[in-house]
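Only one structure is covered here, and it is reproduced in the block below.
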Amino acid sequence: MTDKTSQDRVVIFDTTLRDGEQSPGATMTHEEKLEIAEMLDEMGVDIIEAGFPIASEGDFEAVTAIAKQAKQSVICGLARANFKDIDRCWEAVKHAKRPRIHTFIGTSPLHRAIPNLDMDQMAERIHDTVTHARNLCDNVQWSPMDATRTEHDYLCRVVEIAIKAGATTINIPDTVGYTAPRESADLIRMLIEKVPGADDIIFATHCHNDLGMATANALAAVEAGARQIECTINGLGERAGNTALEEVVMALKVRNDIMPYQTRIDTTKIMNISRRVAAVSGFPVQFNKAIVGKNAFAHESGIHQDGMLKNAETFEIMRPQDIGLAGTSLPLGKHSGRAALRSKLNDLGFDLADNQLNDVFVRFKALADRKKEVFDEDIIALMSDQASEGADDHLQVKFLRVICGTEAPQSADLILTVDGKDQQVTAQGDGPVDATFNAIKRLFPHNARLALYQVHAVTEGTDAQATVSVRLEEDGKIVTGQSSDTDTVVASAKAYISALNNLIVRRAKTKPEEFKSVS
């Protein structure tokens, strides 16, 4: 099976579980790999490179399990140019409905020197190993590592050898992120024009981001005739990372007028998988990252906010809903104007005349000069100094005792005063804080997502007072809570309760007709 695609179709090859996991510190557990693979399959990724089966027993088992689990995607494993690697790869991927072997060898002068092979010896090895892979699997991908620094004549020679040996996809990696977009396009165009048999296979592009041009290089290669893009979620990968799946997919979607190519990707699942990969890899997404960064659909400037309120297209080239977000964010800060403040006040249930708005705006600006971001409860507090005091009466921590240590499970005994009535529960969790939060959620059920949990020591020493900050998100609105105590778990519980109290106040302000007592 060659997976030959039409000229208006671009195949998405995701290597988050292989190249992405090679980022130092980004190792995932077996269960996490299966979870991410399932999400990739569901979102429409054509090929999932599930791992490097010979690298470890764990990698072999993960690739095998993913191959058995996959419903739609081709499952691919990586192998070096030797029979042992290829055999091990096949043992793992053969369980898939649609398996692929991906074998590679470095072809540039620098990389040929590593195994000490001359051009003829390397050509022979490419022929033998690709032939061996094709005898096992009818879907074989071959990559000349560091292709962009390989002599063009030699690159054409070995690509032709790989095609004749049975490769169905030829991937051209910019292994060190050295290429510029024009060079990327010229290289693909040259191979298609010069190599016999090029029309019968798919050319792929695999771009690293060392100079920040990975996405541009990938799209340039597609315009020159490549029909497979190798990428990762959040651009995860070696050194500065790879082409980011979300960037190329949305670029093709938004600029379909000049790049009329289609993919199978369900873009509404992008944000969900981006957040999950960030969580399991331990690599947070930078705030200003394209498409999936926290600020990608956020506008603080007063001019921008005013424009967004009148017509979202003035400052957004895509809809946040297209990637799975609820909507645009207009965070309030010192650059915000009256239009954004009025809109926020209306959302919170406050309808102010112009003079009232002017008075609140002056106090808002003074607050914004002291804070990086002004949240909903800050605005509510500006409107009524009694709001926070009223909130404290709804939920209060009366008693908390936790059991933790080397033997799981950890548990929390909690008495929570809810509208003046004491309620008690015992809950377990992954650590004392998790157990405490689980206990709180059992006594006060809610759907708010924990968006931030931070602990800071106020003073030095083992008796240091800890300040805990908690941020919750519900229906696109954010509330925060903070508390200090020499007991970190107690501070955590009180901060969580503080945030929930602010959530109750916000609900009462935004939908007073629906607000009910929490008891």
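The structure displayed is predicted, hence computed values, not measured ones. Note that the numbering runs from 1 along the sequence shown for the chain.
With respect to P144, the side-chain contact (heavy atoms from CB on, under 4.5 Å) criterion is satisfied by exactly one of T150, L155, I126: L155. When each of M122, H111, R80 is tested with I105 by the rule side-chain contact (heavy atoms from CB on, under 4.5 Å), just one qualifies, namely M122.
E230 places no side-chain N or O within donor-acceptor distance of the main-chain N or O of A204, the cut-off being under 3.5 Å. T16 places no side-chain N or O within 3.5 Å of a backbone atom of G20 that could act as its donor or acceptor partner. Looking at S23, its side chain never comes within 3.5 Å of a backbone N or O of L236 through a donor-acceptor pair. Under a 3.5 Å cut-off, the side chain of D59 and the backbone N or O of A55 do not form any donor-acceptor pair. In this structure, the side chain of T103 engages the main chain of A79 through a donor-acceptor pair within 3.5 Å. Side-chain atoms of N217 never come within 3.5 Å of backbone atoms of S184 as a donor-acceptor pair (strictly under, hydrogens ignored). E473 places no side-chain N or O within donor-acceptor distance of the main-chain N or O of V479, the cut-off being under 3.5 Å. Judged purely by atom type and a 3.5 angstrom limit, D487 uses its side chain to pair as donor or acceptor with the backbone of V489. In terms of modelled atom types and a separation under 3.5 Å, the side chain of Q141 and the main chain of N171 share no donor-acceptor contact. One N or O on the side chain of N502 and one on the backbone of S498 form a donor-acceptor pair closer than 3.5 Å.
In this structure, a donor-acceptor pair under 3.5 Å is absent between the side chains of S143 and H206. Looking at Q22 and R18, their side chains do bring a donor and an acceptor atom within 3.5 Å of each other. Neither side chain, D146 nor T175, offers a donor N or O lying under 3.5 Å from an acceptor on the other. There is a side-chain donor-acceptor pair under 3.5 Å between T426 and D413. Checked by atom type, the side-chain pair T148/D174 shows a donor-acceptor distance below 3.5 Å. Checking E42 against Q72 by side-chain atom types alone, no donor-acceptor pair falls below 3.5 Å.
Note: H132 NE2 to F83 CZ = 5.5 Å, rounded to the nearest 0.5 Å. The OG1 atom of T168 sits 13.5 Å away from atom CH2 of W142, with the distance rounded to the nearest 0.5 Å. Note: M43 CE to T263 OG1 = 8.5 Å, rounded to the nearest 0.5 Å. Put simply, CD1 on I201 and CD on Q228 are 10.0 Å apart, with the number rounded to the nearest 0.5 Å. Distance check, rounded to the nearest 0.5 Å: CG of L443 to CG of L500 gives 11.0 Å. Separation of atoms CD1 (I229) and CZ (F13) is listed at 12.5 Å; rounding is to 0.5 Å.
Contact of the N272 side chain with the M39 side chain is registered, since non-hydrogen atoms from C-beta on lie closer than 4.5 Å. Within the 4.5 Å cutoff, no side-chain heavy atoms of T268 are placed close to those of I323. Residues R9 and R227 have side chains not in contact (no heavy-atom distance under 4.5 Å, counting atoms from C-beta outward). Between D14 and E49 the shortest side-chain heavy-atom distance does not fall below 4.5 Å. Side-chain contact check for Q121 versus N116: every heavy-atom pair is 4.5 Å or farther apart. Residues V45 and I48 meet the side-chain proximity criterion, which asks for heavy atoms closer than 4.5 Å. Using a 4.5 Å heavy-atom cutoff, the side chains of T169 and R100 are in contact. A 4.5 Å side-chain heavy-atom check between K294 and V285 finds every atom pair outside the cut-off.
A salt bridge links E91 and K94; the closest N-O separation between the charged side-chain nitrogens and carboxylate oxygens is under 4.0 Å. Ion pairing of R112 with E151 is present here, as a side-chain N (NZ or NE/NH1/NH2) and a carboxylate O approach within less than 4.0 Å. Salt bridge absent: D369 and K334 never bring a charged side-chain N and a carboxylate O closer than 4.0 Å. The pair E35-R276 meets the salt-bridge criterion, with a side-chain N (NZ, NE, NH1 or NH2) lying under 4.0 Å from an Asp/Glu carboxylate O.
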task: Show the numbers, then the answer: is there a side chain to side chain donor-acceptor pair (under 3.5 Å) between S73 and D41?
output: CA-CA 6 Å; S73 301; D41 196 9; 3.0 Å; yes
message: Apply side chain to side chain contact (heavy atoms under 4.5 Å, CB included) to residues R125 and L117 and explain how you reach the verdict.
response: CA-CA 9 Å; R125 179 175 292 189; L117 296 175; 3.9 Å; yes
field: Stepwise side chain to side chain contact (heavy atoms under 4.5 Å, CB included) check, H30 with L34
entry: CA-CA 6 Å; H30 181 88; L34 265 63; 3.8 Å; yes
message: Apply salt bridge (charged side-chain N to carboxylate O under 4.0 Å, His left out) to residues R264 and D46 and explain how you reach the verdict.
response: CA-CA 7 Å; R264 291 180 56 245; D46 298 279; 3.5 Å; yes
- request: Show your working on side chain to side chain contact (heavy atoms under 4.5 Å, CB included) between T179 and E183 and close with a plain yes or no.
  value: CA-CA 6 Å; T179 299; E183 295 171 318; 3.6 Å; yes
Step-by-step salt bridge (charged side-chain N to carboxylate O under 4.0 Å, His left out) determination, R88 to E57: CA-CA 10 Å; R88 188 65 167 166; E57 186 62 29; 2.9 Å; yes
message: Evaluate D87 against K84 for salt bridge (charged side-chain N to carboxylate O under 4.0 Å, His left out), listing each step before the verdict.
response: CA-CA 5 Å; D87 289 343; K84 184 178 180 181; over 6 Å; no
task: Determine, stepwise, if the pair R449 / E474 fulfils salt bridge (charged side-chain N to carboxylate O under 4.0 Å, His left out).
output: CA-CA 6 Å; R449 182 178 69 88; E474 182 184 68; over 6 Å; no
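Between A50 and I66, the shortest heavy-atom distance links the atoms CB-CD1, 3.8 Å. For the residue pair I101 and L136, the shortest heavy atom distance occurs at CD1-CB, 4.2 Å. Residues S492 and V433 share a closest heavy-atom pair of OG-CG2, 4.0 Å. The minimum heavy-atom distance between A96 and I75, with the atom names listed, is CB-CB, 3.9 Å. Closest non-hydrogen pair, Q410 versus G405, comes out as NE2-O, 3.1 Å. Closest approach of C137 and W90 over heavy atoms only: CB-CZ3, 3.5 Å.
In this structure, Y453 and F437 have perpendicular ring planes: the angle between them is above 60°, well past the 30° mark. By the 30° and 60° cut-offs, the orientation of the rings of H446 relative to Y496 is tilted.
When the shell of 6.0 Å around CZ of R239 is examined, it contains more than 12 heavy atoms from other residues, nucleotides or ligands. For NZ of K289, the number of neighbouring non-hydrogen atoms (other residues, nucleotides, ligands) closer than 6.0 Å is greater than 12. When the shell of 6.0 Å around CG of D128 is examined, it contains more than 12 heavy atoms from other residues, nucleotides or ligands. More than 12 non-hydrogen atoms from other residues, nucleotides or ligands lie less than 6.0 angstrom from OH of Y154.
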